[in-house]
Amino acid sequence: MNEIRHSTWGGRKQTSNGHLPPWFKVKIRQGPDYQEIRRIMTERGLHTICEEARCPNVWECWNNRTATFLILGDICTRRCHYCAVTTGRPNELDLDEPVRVADAVQALGLRHAVITSVNRDELEDGGAFLFAETIRQIRKKIPSCTVEVLIPDFQGQESALATVMDEQPDILNHNIETVPRLFPSIRPQGKYQRSLELLDRAKSMGALTKSGLMAGLGETFDELRDVMLDLRAVGCDILTLGQYLRPTKDHAPVARFYTPEEFQALKEEGLSFGFQHVESGPLVRSSYHAEQQVGRRDE
Ligand code: SF4
């Protein structure tokens with residue numbers, strides 16, 4: 001029997017009194033499914049964003065046999081001040097990775113696969129071809145599996161987006177992450193307008209689109225609302241909204257903790273703006289409960 005205990009996300013100190021608010025307590029339970037996911041990934045030399053980004057939901061998701069694959073290596077060419085993924089000179093391209101991802105999807109028995117990547121700005125197409133190949137390999141091996149891709153902005157290259165969209169992913173996800181005022185300090189190599197344009201283009205190519213936003217980086221409620229409205233203006237269908245947590249003391253500090261009630265109020269506003277589905281809560285991350293969002297509409 002594996003250990004069950006509570007964690008305040010690895011005991012990381014987030015507030016001036018050294019603790020996370022009580023609603024961040026998660027159960028650590030390394031059940032058999034958790035262990036199996038780790039084995040399947042390790043044996044195939046694959047990475048997950050669950051581990052690389054130190055996601056607080058890893059115990060819940062992995063125990064439910066849900067994981068998000070990180071392709072194109074585990075080293076990112078950008079340095080965002082909220083993200084725990086390692087930054088630096090990227091690994092050599094692993095062209096066999098899509099086949100191994102598809103193999104892992106089959107071994108895990110996934111009905112919905114979520115694929116994301118680091119930024120690979122040094123590649124001509126930002127790595128879009130590997131996203132496309134991963135979708136193809138999954139569909140070839142498990143035709144019934146739905147595929148969600150959480151893509152970088154590809155530096156605004158329309159052809160890179162088209163490469164991914166040619167494979168008709170079931171959900172095209174691109175996170176806006178924060179409000180425009182905070183982009184220069186939090187996401188310096190990103191551009192708010194460029195991200196909106198990507199979502200707009202994906203929509204015009206027929207995608208079910210999704211985006212994610214972090215709360216707690218120093219934005220105001222009005223700014224969050226404005227971002228939601230901007231996302232709706234480009235037809236974004238699904239929104240995820242979660243609390244920013246500081247991965248290490250070298251990352252941006254948490255400016256504010258939103259309460260579960262505030263997340264609920266933001267969800268209701270989002271739905272009133274016309275999103276089909278809003279996943280909102282302190283522990284919500286981009287791929288949290290992703291399987292439940294394919295083809296779903298909230299009342
Ligand atoms: S929310 Fe997403 S990134 Fe976090 S553990 Fe679950 S699948 Fe992985």
Side-chain angles (χ1 to χ4, degrees), residues 6-10 12 20 23-42 44 46-74 76 80 82-86 101 104-105 107-119 131 134 138 145-152 169-177 210-216 238-247 251 260 263 267 277-294 296:
H6 286 90
S7 163
T8 49
W9 198 40
R12 240 167 238 110
L20 287 165
W23 53 83
F24 282 99
K25 284 199 171 174
V26 294
K27 260 189 195 170
I28 296 179
R29 188 174 69 86
Q30 294 195 6
D33 286 326
Y34 180 101
Q35 311 271 14
E36 200 191 344
I37 289 191
R38 167 151 286 152
R39 181 184 60 74
I40 286 169
M41 299 296 182
T42 308
R44 289 162 181 78
L46 297 172
H47 304 286
T48 63
I49 195 68
C50 320
E51 287 192 299
E52 301 298 332
R54 305 178 182 201
C55 181
N57 301 314
V58 68
W59 296 282
E60 179 189 336
C61 289
W62 285 25
N63 283 316
N64 291 323
R65 296 181 80 84
T66 304
T68 297
F69 296 90
L70 182 71
I71 62 168
L72 290 159
D74 60 348
C76 187
C80 297
Y82 59 86
C83 182
V85 173
T86 307
V101 169
V105 169
L108 287 164
L110 298 186
R111 290 181 303 163
H112 181 71
V114 186
I115 314 296
T116 192
S117 76
V118 290
N119 281 284
F131 270 99
T134 305
I138 293 172
C145 184
T146 49
V147 184
E148 172 174 340
V149 286
L150 168 57
I151 59 171
D170 296 273
I171 296 182
L172 191 293
N173 188 347
H174 173 68
N175 285 339
I176 200 93
E177 307 285 13
K210 172 173 169 181
S211 191
L213 188 53
M214 292 177 287
I238 301 167
L239 174 70
T240 56
L241 188 57
Q243 172 71 51
Y244 167 67
L245 293 175
R246 189 185 202 180
H251 290 82
F263 277 108
K267 173 178 178 142
H277 178 70
V278 179
E279 192 80 31
S280 175
L283 285 163
V284 168
R285 298 295 179 262
S286 191
S287 45
Y288 190 56
H289 292 170
E291 184 181 340
Q292 299 165 18
Q293 295 157 16
V294 195
R296 171 171 161 178

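Counting starts at 1 for both ligands and their atoms, following the listed order.
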[atom] [closest protein heavy-atom partner, distance rounded to 0.1 Å]:
atom: atom 3 (S) of ligand 1; answer: S287 OG, 3.5 Å
atom: atom 8 (Fe) of ligand 1; answer: C50 SG, 2.3 Å
atom: atom 4 (Fe) of ligand 1; answer: C55 SG, 2.2 Å
atom: atom 7 (S) of ligand 1; answer: T68 OG1, 3.3 Å

message = Looking at R39, I want to see if its CZ is surrounded by more than 12 non-hydrogen atoms of other residues, nucleotides or ligands under 6.0 Å.
response =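 Result for CZ/R39: enclosed.
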Distance under 4.0 Å to a non-hydrogen atom of [X]: what atoms of ligand 1 satisfy this?
X: V58; value: 5 (S)
X: I49; value: 3 (S)
X: C61; value: 1 (S), 5 (S), 6 (Fe), 7 (S)

task = Using a 4.5 Å cut-off on heavy atoms from C-beta on, say whether the side chain of Y288 contacts that of T66.
result =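 SC-SC contact between T66 and Y288 ruled out.
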query = Going by atom types alone, do N173 and S286 pair a side-chain donor with an acceptor below 3.5 Å?
reply =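 Yes, S286 and N173 have a side-chain donor paired with an acceptor closer than 3.5 Å.
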inquiry  = With no hydrogens and no angle check, just 3.5 Å: does a side-chain donor-acceptor pair link S211 and N175?
reply    =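 Their side chains do not contain a donor-acceptor pair, so the 3.5 Å distance test is not met.
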ask   = For E52 and H47, which heavy atoms make the closest approach, and how far apart are they?
value =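 Smallest heavy-atom distance, with atoms named: OE2-ND1, 3.7 Å.
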message = salt bridge (charged side-chain N to carboxylate O under 4.0 Å, His left out), that's the test. Do K267 and E279 meet it? Break it down for me.
response = CA-CA 7 Å; K267 173 178 178 142; E279 192 80 31; 5.9 Å; no
